[in-house]
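What follows is a single structure, written as structure tokens, with notes after it.
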Protein chains: 2
Amino acid sequence: MRIKDRDKQEALFLAAVKVVNEIGFASSSVSKIAKEAGVSPATLYIYHKNKDDLLISTYLNIKRKLTDAVLGDMDDSLPIRDGFRRVWLNLFRFAGDHLDYFQFAEQFSNSPYNDQVDQDAVDAMYEPMGRLIRRGIREKVVKDMHPEVISSFVFYPVIILSNPRLTRRVEMTEALIEESFQLAWDAIKL
Amino acid sequence: MRIKDRDKQEALFLAAVKVVNEIGFASSSVSKIAKEAGVSPATLYIYHKNKDDLLISTYLNIKRKLTDAVLGDMDDSLPIRDGFRRVWLNLFRFAGDHLDYFQFAEQFSNSPYNDQVDQDAVDAMYEPMGRLIRRGIREKVVKDMHPEVISSFVFYPVIILSNPRLTRRVEMTEALIEESFQLAWDAIKL
DNA sequence: ACCAAAAGCGAATGATCGTTTAGTTAAGAG
DNA sequence: CTCTTAACTAAACGATCATTCGCTTTTGGT
């Protein structure tokens with residue numbers, strides 16, 4: 001028996017990201033994504049059971065790449081502030097390198113599609129971050145608040161600042177990224 | 001000659017918000033929105049020149065209501081911190097009262113539709129906020145950074161914290177909202 | 001070398017899409 | 001009350017939608 005083509009898998013993933021970012025969920029059709037991937041619409045259904053499945057697995061694929069890139073080099077022996085700083089810088093680098101992934105993920109997670117993903121599975125990917133936050137609280141370096149509150153002050157500003165659709169007037173230079181991290185740290189430090 | 005019906009205008013606005021929030025941009029069609037509004041699809045074209053125009057003006061309508069509710073009672077004589085605090089609390093109250101507006105706006109502003117809106121016009125609505133930030137910097141109470149950076153640390157966490165799609169584990173009580181404001185203030189204060 | 005089976009595709013399915021047309025209804029001006 | 005005009009609609013337009021069908025091609029196992 002024949003085996004599924006890894007290249008087609010990847011081509012479909014990249015095509016979904018590209019088409020959705022260029023024309024939005026409203027206009028993105030299976031045939032447009034298939035054409036962009038250089039594949040028949042019928043072939044797409046060998047890899048995904050329907051359109052929703054294609055989009056959901058594209059999202060999960062991005063989330064996995066994101067958490068790998070951002071949390072992959074976490075080190076429990078690092079001082080708390082350095083741990084946060086490393087993740088912060090990773091996030092900016094990833095956003096710069098893969099703006100398209102970021103944009104797709106934002107479009108997706110704000111849409112009703114998000115209700116179809118297993119949120120606990122996504123949250124589990126962020127577990128290393130939760131560990132860092134809890135350690136910071138235990139060591140009396142970080143304010144004792146729910147990890148989701150801490151995260152929202154540290155990481156969501158990054159999502160805004162690295163999205164040129166929302167932040168048109170500011171160019172995020174190396175120095176400005178470092179300065180901005182100080183704001184994030186000031187928000188959460190004890 | 002006959003006059004346009006204000007109730008239909010409003011019904012179309014509410015229907016667009018409701019349908020888009022329930023089934024997303026991907027599945028939202030003109031006929032579904034018209035049916036929800038209790039109106040013929042053809043009638044919709046008397047009020048909007050096409051589908052995009054309907055969605056864009058729905059978004060701008062929400063943005064106007066939002067800035068009115070959040071920035072409408074700004075007072076230049078208030079101490080800086082109290083000014084920020086008032087806007088912060090307004091934003092939480094508005095998010096609680098009109099979660100549907102918030103959700104629509106987030107879906108919209110993260111999609112390519114956003115490229116079709118005059119961003120300068122939207123930015124102008126936030127001008128009172130820019131004034132407050134610049135006054136804070138001038139009086140050496142707020143860090144001297146670009147207003148968009150300051151805003152991203154103060155207000156975007158609110159958008160996350162008040163979105164139950166993203167923040168499922170934390171219930172934002174009055175006390176927690178007040179505590180969270182302290183984090184926002186710590187981030188930007190000198 | 002051959003076979004089984006899954007990959008792969010072009011074309012067709014019926015449904016729904018955004019928009020227009022042709023005609024009816026209702027209300028403000030006189 | 002009448003005329004005018006724009007609001008309003010049901011039905012229809014061609015286009016495109018998500019998905020499937022019938023068939024061909026490829027490939028791993030023997």
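Chain identifiers are assigned alphabetically (A, B, ...) following the order of the sequence lines, protein sequences preceding nucleic acid strands; residue numbering begins at 1 within each chain.
The distance from atom CD of A:Gln9 to atom P of C:dA7 is 11 Å, rounded to the nearest whole Å. In this structure, NZ of B:Lys49 is placed 16 Å from C1' of C:dT20, rounded to the nearest angstrom. If you measure from atom CD1 of A:Ile33 to atom C1' of D:dT16, you get 14 Å, rounded to the nearest angstrom. Look at CZ on A:Phe25: it is 16 Å from P on D:dC17, rounded to the nearest Å. The nearest whole Å value for the distance from the CD1 atom in B:Ile3 to the C1' atom in D:dC8 is 15 Å. Between the C1' atom of D:dA10 and the CG atom of B:Leu44 lies a distance of 15 Å, rounded to the nearest Å. In this structure, OH of B:Tyr45 is placed 15 Å from C1' of D:dT9, rounded to the nearest angstrom. Taking atom NZ of residue A:Lys32 and atom C1' of nucleotide D:dT19, one finds them 17 Å apart after rounding to whole Å.
Here C:dT20 is the nucleotide among C:dT20, C:dG8, D:dA7 with the atom lying nearest to any side-chain atom of B:Ala42. Between D:dC8, C:dT19, D:dA18, one nucleotide has an atom nearer to the side chain of A:Lys51 than all others, and that is D:dA18.
Distances shorter than 4.0 Å separate some side-chain N or O of B:Lys8 from OP1 or OP2 on D:dC8. The side chain of A:Tyr47 places an N or O atom within less than 4.0 Å of a non-bridging phosphate oxygen (OP1 or OP2) of C:dG8. The side chain of A:Thr43 places an N or O atom within less than 4.0 Å of a non-bridging phosphate oxygen (OP1 or OP2) of C:dC9. Regarding contacts with the backbone of C:dC17, a side-chain N or O of B:Ser31 is found under 4.0 angstrom from either OP1 or OP2.
Separation of the A:Phe13 and A:Tyr101 ring centroids falls under the 6.0 Å cut-off. A:Tyr113 and A:Phe108 have their aromatic ring centers within a separation under 6.0 angstrom.
The number of heavy atoms from other shown groups lying within 6.0 Å of NZ (A:Lys143) is above 12.
When each of B:Phe181, B:Phe155, B:Tyr156 is tested with B:Trp88 by the rule ring pair (Phe, Tyr, Trp, His ring centres under 6.0 Å), just one qualifies, namely B:Phe181.
Evaluation of atom-type donor-acceptor distances gives a pair under 3.5 Å for the side chain of A:Arg2 against the base of C:dA7.
Checking A:Ser40 against B:Ser27, the closest nucleotide of DNA chain C that is more toward the 5' end is the one next to A:Ser40.
Contacts of B:Ser29 with the nucleic acid, taken as non-hydrogen atoms under 4.0 Å apart, involve only primed sugar atoms and P, OP1 or OP2.
Looking at A:Asn110, its side chain never comes within 3.5 Å of a backbone N or O of B:Gln107 through a donor-acceptor pair.
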